Amino acid sequence: MSPLAKDIILNKTQEDIIHNLGRIRQRISGACQNCGRTESEVRLLLATKTVQPDAIRYAILAGSTLVGENKVQEFTAKADALADLDYTRHFIGHLQRNKVREVLRHVHNIETIDSLSLAAEIDKQLMIIGRKLDIMIQVNTSFEKSKFGIHPDQVLDFAEEIKAFQHLRLTGLMTIGLNAATPEEARPSYRLLKELGEKINDKDPARPVIDYSMGMSNDLEVAIEEGATIVRIGSAVFGPRL
C-alpha cells in the first residue's frame, strides 16, 4: 500500500470515529433530556477491546478522554502506546490476581472487583507502591451464570468489607445488562444496580458510591434513564470488533 493510500484510509477512519462520537453524544444528550437529567451527569467511556491505538488516539483527541479495556495485555500495550496523551484509564474486564501488578502500572479505576481475594491482592500491591485506587464492585444484576459479578444479595456486606481496605476507594457499582433481544429487557438489571447503590449509601452516607457504570451501544438510553453515570460504548464508535 502506498503512503498516500494509507493516509486516505487513516483519515477516513478518523472521520468515521469523529462522526460516530457526535452521534453517541447526541444520543446521550437526548436520553438525559427525556428523563430530566443534565448531560454532564453522564460520562462516555470508550470500550476499546481489539481497537488499535491509532483509532483510540483519534477519539481521545476528539475529546473522549475516558477509556476502558478488557484484557490485561491489551491494556498495558495500549497505555504504553498512548503514554503521550492525557486521559483516564479504567479496567473493565475480569481481572485475575496474578495480573494485578501489571494493571496497576497504568490504571485509574478497576470497575470489576468481584471477590475479596482480588480486592486483598490489589490492596496489598497498592501498599507496596504507596498509592490508593478508585474501584467499583461488579454486580451480576442479570443473574446470568455466564457473567462475573457479586450476587445482588451479597452487595451490601461486600461493600462494607471493601471499604475496610486502606488503599481502595469504593466509587461505584458496575454491571453488564441482560443479554436480551431488546434494550427494554435490560431495564430491570440497571434499575437494580441503582437501587443497590442507594441502599449502600443509606447504610453509609459518609462514604457514598456515586458512579453507576452500565449501558452499552445498544441500550445506553435505558441505562441513562435508570441512573447510569458511565456508559461503556465500543462498536457504535469504532465499528464492529475484529
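Here the structure is a predicted model, which means the values were calculated and not measured. Computation of the quantities below employed the complete heavy-atom set of this structure, encompassing side-chain atoms and omitting hydrogens, waters and symmetry-equivalent molecules.
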Exercise for the section: Could you tell me whether a side-chain N or O of Thr175 sits under 3.5 Å from a main-chain N or O of Leu193, the two making a donor and an acceptor? Expected result: no
Completion exercise
Closest heavy-atom pair, Val42 versus Ala228, reported as atoms and distance to 0.1 Å, is CG2-O, 3.5 Å
Exercise for the section: Indicate if Met174 and Leu156 have the same hydrophobic cluster label, given that clusters are the connected sets of ILVMFWY residues with side-chain heavy-atom separations under 4.5 angstrom. Expected result: no
Practice task
Working to the nearest 0.5 Å, report the span between CG of Asn179 and OG of Ser146.
Solution key: 7.5 Å
Handout entry: Hphob cluster co-occupancy, Leu46 + Ile92, side-chain heavy atoms under 4.5 angstrom
Key = no
Fill in the blank from the handout: Closest non-hydrogen atoms of Pro205 and Pro208, given as atom of the first, atom of the second and distance, are O-CD, 3.5 Å
Handout entry: Rounded distance (nearest 0.5 Å) linking atom CE of Met136 with atom CG of Asn109
Key = 4.5 Å
Problem - Contacts of type salt bridge (charged side-chain N to carboxylate O under 4.0 Å, His left out), residue Arg169, not counting sequence neighbours - result: Asp134
Problem - Over all atoms of both residues, closest heavy-atom pair of Ile200 and Ala159 - result: CD1-CB, 3.8 Å
Practice task
May I ask you to decide if Val51's main-chain N or O and Thr48's side chain share a donor-acceptor pair within less than 3.5 Å?
Solution key: no
Handout entry: Stepwise side chain to side chain contact (heavy atoms under 4.5 Å, CB included) test for Leu45 and Val67
Key = CA-CA 5 Å; Leu45 179 148; Val67 176; over 6 Å; no
Exercise for the section: Determine which pairs satisfy side chain to side chain donor-acceptor pair (under 3.5 Å) with at least one residue from residues 154-165, sequence neighbours left out, and list them in order. Expected result: Lys163-Asp204
Using a 3.5 Å cut-off and no angle test, enumerate the donor-acceptor pairs between side-chain atoms of residues 95-106 and protein atoms at least two apart in sequence or in another chain.
{"unit_1": "Arg101", "atom_1": "NE", "unit_2": "Gln125", "atom_2": "OE1", "d": "3.4"}
{"unit_1": "Glu102", "atom_1": "OE2", "unit_2": "Thr76", "atom_2": "OG1", "d": "3.3"}
{"unit_1": "His106", "atom_1": "NE2", "unit_2": "Asp80", "atom_2": "OD1", "d": "3.2"}

Handout entry: Separation of Leu66 CG from Tyr87 OH (nearest 0.5 Å)
Key = 11.0 Å
Handout entry: NZ (Lys203) with more than 12 external heavy atoms under 6.0 Å
Key = yes
Practice task
Please report the closest heavy-atom contact between Ser115 and Ile150, naming both atoms and the distance.
Solution key: N-CD1, 4.5 Å
Practice task
Please lay out, stage by stage, how Val155 and Asp153 fare under the test side chain to side chain contact (heavy atoms under 4.5 Å, CB included).
Solution key: CA-CA 6 Å; Val155 169; Asp153 291 345; over 6 Å; no
Handout entry: Residues, nucleotides or ligands: over 12 heavy atoms within 6.0 Å of Lys147 NZ
Key = yes
Completion exercise
Rounded to the nearest 0.5 Å, the OG atom of Ser189 sits from the CG atom of Leu178 at a distance of 6.0 Å
Completion exercise
Of all heavy-atom pairs linking Ile224 and Cys32, the shortest is CG2-SG, 4.0 Å
Handout entry: Salt-bridge contact Lys49-Glu74 (side-chain N to carboxylate O under 4.0 Å)
Key = no
Exercise for the section: May I have the step-by-step check of side chain to side chain contact (heavy atoms under 4.5 Å, CB included) for His94 and Asp114, ending in yes or no? Expected result: CA-CA 9 Å; His94 182 64; Asp114 62 358; 3.6 Å; yes
Exercise for the section: Side-chain contact test, heavy atoms from C-beta onward, threshold under 4.5 Å: evaluate it for Glu41 versus Thr38 and give yes or no. Expected result: yes
Practice task
Enumerate the residue pairs fulfilling salt bridge (Lys or Arg N to Asp or Glu O under 4.0 Å) with a member in residues 117-133, sequence neighbours excluded, ordered by first and then second residue.
Solution key: none
Practice task
Using a strict 4.0 Å threshold on nitrogen-to-oxygen distance, state whether Glu39 and Arg25 make a salt bridge.
Solution key: no
Practice task
Determine whether Leu82 and Arg57 make a side-chain contact, defined as any pair of heavy atoms from C-beta on separated by less than 4.5 Å.
Solution key: yes
Practice task
Check whether any side-chain heavy atom of Thr13 lies under 4.5 Å from a side-chain heavy atom of Phe238, and answer yes or no.
Solution key: no
Practice task
Using the rule that two of Ile, Leu, Val, Met, Phe, Trp, Tyr join whenever any of their side-chain heavy atoms come within less than 4.5 Å, decide whether Leu168 and Ile137 are in one cluster.
Solution key: yes
Handout entry: Any side-chain heavy-atom pair of Arg187 and Glu226 under 4.5 Å
Key = yes
Practice task
Check whether the ring centres of His151 and Phe143 lie less than 6.0 Å apart, and answer yes or no.
Solution key: yes
Problem - Student check: side-chain heavy atoms of Val139 and Leu196 closer than 4.5 Å - result: yes
Practice task
Begin from the C-alpha positions of Ile113 and Phe158 and carry the test side chain to side chain contact (heavy atoms under 4.5 Å, CB included) through to its verdict.
Solution key: CA-CA 10 Å; Ile113 304 300; Phe158 188 74; 4.1 Å; yes
Handout entry: Donor on one side chain, acceptor on other, Thr182 and Glu184, under 3.5 Å
Key = no
Practice task
Say whether Val107 and Ile60 are linked into one hydrophobic cluster, either directly or through other cluster members, by side-chain heavy-atom distances under 4.5 angstrom.
Solution key: no
Exercise for the section: Starting at CG of Leu44, measure out to OG1 of Thr65 and round the result to the nearest 0.5 Å. Expected result: 9.5 Å
Practice task
Could you tell me whether the side chain of Asp16 and the main chain of Asn20 form a donor-acceptor pair under 3.5 Å?
Solution key: no
Completion exercise
Note: Ala180 and Glu185 closest approach over all heavy atoms is CB-CB, 3.4 Å
Exercise for the section: Check whether any side-chain heavy atom of His90 lies under 4.5 Å from a side-chain heavy atom of Ile110, and answer yes or no. Expected result: no
Problem - Geometric class of the Phe75/Phe91 ring pair [parallel <30°, tilted 30-60°, perpendicular >60°] - result: perpendicular
Completion exercise
Rounded to the nearest 0.5 Å, the CD1 atom of Ile24 sits from the OG atom of Ser29 at a distance of 12.5 Å
Problem - Close side-chain approach of Ser142 to Ile176, heavy-atom, < 4.5 Å - result: no
Handout entry: Contacts of Glu195 that satisfy side-chain contact (heavy atoms from CB on, under 4.5 Å) - sequence neighbours left out
Key = Arg191, Leu192
Problem - Linked, directly or transitively: Ile122 and Met127 (ILVMFWY side chains, under 4.5 Å) - result: no
Problem - Donor-acceptor pair, side chain of Thr112 and main chain of Gly93, under 3.5 angstrom - result: yes
What pairs of donor and acceptor atoms, side-chain ones from residues 209-221 against any protein atom, are under 3.5 angstrom apart with sequence neighbours left out?
{"unit_1": "Asp211", "atom_1": "OD1", "unit_2": "Arg43", "atom_2": "NH2", "d": "3.3"}
{"unit_1": "Asp211", "atom_1": "OD1", "unit_2": "Thr229", "atom_2": "OG1", "d": "2.6"}
{"unit_1": "Asp211", "atom_1": "OD2", "unit_2": "Arg43", "atom_2": "NH2", "d": "2.8"}
{"unit_1": "Ser213", "atom_1": "OG", "unit_2": "Glu111", "atom_2": "OE1", "d": "2.7"}
{"unit_1": "Ser213", "atom_1": "OG", "unit_2": "Arg232", "atom_2": "NH1", "d": "3.0"}
{"unit_1": "Ser217", "atom_1": "OG", "unit_2": "Ala236", "atom_2": "N", "d": "3.3"}
{"unit_1": "Asp219", "atom_1": "OD1", "unit_2": "Tyr190", "atom_2": "OH", "d": "3.3"}
{"unit_1": "Asp219", "atom_1": "OD1", "unit_2": "Met216", "atom_2": "N", "d": "2.8"}
{"unit_1": "Asp219", "atom_1": "OD2", "unit_2": "Tyr190", "atom_2": "OH", "d": "2.7"}
{"unit_1": "Glu221", "atom_1": "OE1", "unit_2": "Arg27", "atom_2": "NH2", "d": "3.0"}
{"unit_1": "Glu221", "atom_1": "OE2", "unit_2": "Arg27", "atom_2": "NE", "d": "2.7"}
{"unit_1": "Glu221", "atom_1": "OE2", "unit_2": "Arg27", "atom_2": "NH2", "d": "3.4"}

